[in-house]
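The shown structure was predicted, so the numbers you read here are calculated from the model rather than taken from an experiment. Sequence lines set the chain letters: A, B, ... in the order given, protein chains first and strands last, and positions in each chain run from 1.
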Number of protein chains: 2
Amino acid sequence: MVTVSPNKIIRIAIADDVPILRKGLILLLNSYKPCGVDIEANNGEELISKIKSAENKPDICILDISMPVMDGYETLSAIKQYWPNIKVVILSVHYNEYTIIRTVREGASCCLPKEVDTDELFTAIKQVHNKGYYHTELVKHYLNNSMYEDVRKLKLNKNEQEFLRLCCSDMSYKQIALQMELSPRTIDGYRDDLFLKLNIKSRSALVMFALQTGLVTSPSEKA
Amino acid sequence: MVTVSPNKIIRIAIADDVPILRKGLILLLNSYKPCGVDIEANNGEELISKIKSAENKPDICILDISMPVMDGYETLSAIKQYWPNIKVVILSVHYNEYTIIRTVREGASCCLPKEVDTDELFTAIKQVHNKGYYHTELVKHYLNNSMYEDVRKLKLNKNEQEFLRLCCSDMSYKQIALQMELSPRTIDGYRDDLFLKLNIKSRSALVMFALQTGLVTSPSEKA
DNA sequence: AAAGAAAAGGGTGTTTTAACGGTATATAGC
DNA sequence: GCTATATACCGTTAAAACACCCTTTTCTTT
């Protein structure tokens with residue numbers, strides 16, 4: 001610590017690819033006395049690079065999950081690897097068992113849904129800064145009571161990610177196998193593995209999972 | 001018109017169930033001189049009731065699609081029915097052919113993705129107020145070139161909505177039929193109808209459609 | 001009251017999905 | 001060298017999904 005003042009401001013960095021939300025959040029947080037937003041980025045990669053070149057590192061990073069280039073899951077890992085002391089708050093539309101367990105187990109200090117009310121957001125940030133964490137009832141519930149035992153299994157490898165992405169379409173497993181240049185049997189194995197890991201029984205549920213966790217983002221349609 | 005001043009402010013009403021986005025948007029729009037936000041609501045029903053009791057009706061309503069109680073699609077219909085002169089801007093994460101065609105054909109003056117950049121949002125609002133509409137390239141593209149000919153077919157009835165909701169799960173069609181107290185054949189018919197209407201061939205694509213259009217919202221998980 | 005449309009129910013066949021049981025190979029750690 | 005682990009691969013069977021053509025019932029509409 002170089003300078004410590006009694007009324008030190010909580011330095012905040014924000015990564016979110018929705019400009020109106022990001023700008024709004026900045027106005028909102030800056031209007032709240034103890035906070036100051038220094039860094040904003042529209043994806044994880046940009047955030048990491050801005051933190052690297054920042055003279056004063058932020059106290060807290062607020063991350064969205066689904067962002068282009070580098071998503072919130074990866075960004076969280078990178079931050080915790082480079083700067084373990086920076087606290088991370090996940091603020092996302094994706095708010096489910098998978099997202100909560102994966103991010104909190106990876107070191108997030110707090111995981112909130114975007115539907116959070118502004119007062120609770122302020123409370124959360126203050127408590128994260130002072131106590132190191134802020135867990136909602138749902139987060140507490142899943143921390144005590146989750147079907148996912150092993151964090152490592154929550155991360156999907158490249159092939160699994162690609163498979164999951166292709167599942168979100170009209171393609172049959174045979175066509176997916178063809179596209180990925182793998183045997184249909186191998187694809188069956190991927191599916192069976194995911195069904196087991198995620199405790200689901202159908203491709204429909206797999207699609208639900210993919211979209212709800214932000215692991216697959218619907219292709220932003222371009223004309 | 002009761003009072004017309006040369007520098008009349010554009011009166012805006014906002015309905016969105018995400019408080020931080022709503023608050024942020026209000027700060028943002030109020031910081032833009034020609035705009036003034038008078039009404040905010042966290043769902044369509046609340047918005048309609050606030051407009052009803054408002055002395056001065058808004059010029060423009062900004063609507064989210066996926067909201068509890070009354071969603072953006074229904075809210076748009078209601079507004080256009082009661083107050084055809086109020087302009088509606090759809091601002092949503094849901095930005096696809098279905099959403100664009102359905103809202104614009106129903107009378108929306110503008111349909112924007114939440115990823116819109118703040119300058120474009122300001123431009124859109126100004127142009128909607130002056131010219132009556134603002135269409136992005138993607139909106140223009142779909143207006144000239146859509147697979148949905150008939151707007152009426154875009155609206156799903158109660159049974160179809162319920163069916164679509166239940167499709168987003170691990171349930172088999174047989175289980176869905178049981179749950180809805182209808183014959184499995186009838187359910188098959190619903191599916192075939194939707195496949196035809198939406199030009200898709202699999203339940204996975206149906207789930208994708210349901211989530212991407214906001215016609216089905218993932219149940220917000222509660223502990 | 002008759003015609004027509006829309007919704008529900010039906011039969012039958014093919015294709016795809018899903019559950020279960022396996023083997024072979026590479027490679028990283030002990 | 002052995003063991004654990006991850007990856008790719010294989011076969012069988014049952015269930016579910018999907019396609020196609022058809023009838024009955026229930027409403028609107030005229």
Side-chain angles (χ1 to χ4, degrees), chain A residues 73-74 77 102 105 147-211 215-216, chain B residues 102 147-211 215-216:
Chain A
Y73 298 117
E74 297 173 272
S77 296
R102 179 164 170 189
R105 291 252 179 89
M147 65 181 199
Y148 305 117
E149 307 99 33
D150 191 348
V151 210
R152 285 168 305 171
K153 286 189 183 162
L154 294 180
K155 288 188 195 175
L156 307 186
N157 65 32
K158 280 281 166 226
N159 267 357
E160 284 174 323
Q161 282 179 42
E162 174 73 356
F163 167 70
L164 195 58
R165 200 178 60 78
L166 294 174
C167 277
C168 299
S169 75
D170 256 338
M171 289 168 112
S172 72
Y173 289 130
K174 213 178 285 180
Q175 290 174 307
I176 293 176
L178 217 65
Q179 171 95 24
M180 290 182 69
E181 294 180 14
L182 287 172
S183 154
R185 304 296 171 193
T186 305
I187 294 298
D188 275 5
Y190 287 175
R191 181 200 58 216
D192 293 347
D193 274 2
L194 281 175
F195 279 8
L196 200 67
K197 275 191 201 178
L198 305 175
N199 197 31
I200 57 179
K201 290 180 286 297
S202 71
R203 181 161 164 187
S204 301
L206 207 56
V207 174
M208 295 282 290
F209 171 83
L211 295 184
L215 288 178
V216 173
Chain B
R102 179 164 171 189
M147 65 183 199
Y148 304 117
E149 308 100 33
D150 190 348
V151 210
R152 283 167 305 173
K153 285 188 183 163
L154 293 180
K155 287 190 196 176
L156 307 187
N157 64 32
K158 279 282 165 227
N159 267 358
E160 284 174 323
Q161 282 179 43
E162 174 73 356
F163 168 69
L164 195 58
R165 200 178 61 76
L166 295 174
C167 275
C168 298
S169 75
D170 256 337
M171 289 168 111
S172 71
Y173 289 130
K174 213 178 286 181
Q175 290 174 307
I176 293 175
L178 216 65
Q179 170 97 26
M180 290 182 69
E181 294 179 14
L182 288 171
S183 153
R185 302 294 165 206
T186 306
I187 295 297
D188 271 7
Y190 287 174
R191 180 201 58 216
D192 293 347
D193 273 2
L194 281 175
F195 280 7
L196 201 67
K197 275 191 201 177
L198 306 175
N199 198 30
I200 56 178
K201 291 179 286 297
S202 71
R203 181 163 164 187
S204 301
L206 208 55
V207 174
M208 294 283 289
F209 171 82
L211 295 183
L215 288 177
V216 172

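- Here A:Tyr190 reaches the OP1 or OP2 of D:dA8: one of its side-chain N or O atoms lies under 4.0 Å away.
- Contact between A:Asn159 and A:Met180 at its shortest, heavy atoms only, is O-CE, 3.5 Å.
- As rounded to whole Å, 10 Å separates atom P of C:dG9 from atom CE of B:Met180.
- Counting heavy atoms from C-beta on, the side chains of B:Leu211 and A:Met208 come closer than 4.5 Å.
- Taking atom CG of A:Asp193 as the reference point, atom C1' of C:dC20 lies 14 Å away to the nearest angstrom.
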Enumerate donor-acceptor pairs with a distance under 3.5 Å from any side-chain N or O in residues 164-176 of chain A to protein atoms, sequence neighbours excluded.
unit_1: A:Arg165; atom_1: NE; unit_2: A:Glu162; atom_2: OE1; d: 3.3
unit_1: A:Arg165; atom_1: NH2; unit_2: A:Glu162; atom_2: OE1; d: 3.3
unit_1: A:Arg165; atom_1: NH2; unit_2: A:Glu162; atom_2: OE2; d: 3.2
unit_1: A:Ser169; atom_1: OG; unit_2: A:Leu166; atom_2: O; d: 2.7
unit_1: A:Ser169; atom_1: OG; unit_2: A:Met171; atom_2: N; d: 3.0
unit_1: A:Asp170; atom_1: OD1; unit_2: B:Lys201; atom_2: N; d: 3.2
unit_1: A:Asp170; atom_1: OD1; unit_2: B:Ser202; atom_2: N; d: 3.0
unit_1: A:Asp170; atom_1: OD1; unit_2: B:Ser202; atom_2: OG; d: 2.7
unit_1: A:Asp170; atom_1: OD2; unit_2: B:Lys201; atom_2: N; d: 3.2
unit_1: A:Ser172; atom_1: OG; unit_2: A:Lys174; atom_2: N; d: 3.4
unit_1: A:Ser172; atom_1: OG; unit_2: A:Gln175; atom_2: N; d: 3.3
unit_1: A:Gln175; atom_1: OE1; unit_2: A:Ser172; atom_2: N; d: 2.9

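- One finds no side-chain N or O of A:Asn159 lying less than 4.0 angstrom from the OP1 or OP2 phosphate oxygen of D:dA6.
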**OP:** May I have the step-by-step check of side-chain contact (heavy atoms from CB on, under 4.5 Å) for A:Leu182 and A:Tyr190, ending in yes or no?
**Re:** CA-CA 11 Å; A:Leu182 287 172; A:Tyr190 287 175; 3.8 Å; yes

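- Closest approach of B:Phe195 to B:Arg203, counting heavy atoms only: CZ-N, 3.7 Å.
- Put simply, CZ on B:Phe163 is 15 Å from P on C:dA7, counting in whole angstrom units.
- Rounded to a whole Å, the CG atom of A:Leu194 is 14 Å from the C1' atom of D:dT7.
- Closest non-hydrogen pair, A:Gln161 versus A:Leu156, comes out as NE2-O, 3.0 Å.
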**OP:** Classify every nucleotide of nucleotides 16-29 of chain D by which part a protein heavy atom approaches to under 4.0 Å, writing B for the base, S for the sugar-phosphate alone and - for neither, in 5'-to-3' order.
**Re:** SSBS----------

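- Protein atom CG of A:Asn157 is 9 Å distant from nucleotide atom C1' of D:dA6, rounded to whole Å.
- Here the shortest heavy-atom pairing between B:Met147 and B:Leu198 reads CE-O, 3.1 Å.
- Annotation for A:Lys155 and A:Glu160: closest pair O-OE1, 4.3 Å, computed over non-hydrogen atoms.
- One finds no side-chain N or O of A:Ser183 lying less than 4.0 angstrom from the OP1 or OP2 phosphate oxygen of D:dA8.
- In this structure, the CG atom of B:Leu178 is 13 Å from the P atom of C:dG9, given to the nearest Å.
- Proximity of B:Phe209 to B:Leu194: side-chain heavy atoms (C-beta onward) are nowhere separated by under 4.5 Å.
- If you measure from atom CG of A:Leu182 to atom P of D:dT7, you get 12 Å, rounded to the nearest angstrom.
- Between A:Lys155 atom NZ and D:dT5 atom C1' there is a gap of 17 Å when expressed in whole angstrom units.
- Bending across the helix from C:dA1-D:dT30 to C:dC30-D:dG1, expressed as the angle between its end axes from five pairs apiece, amounts to 50° (10° rounding).
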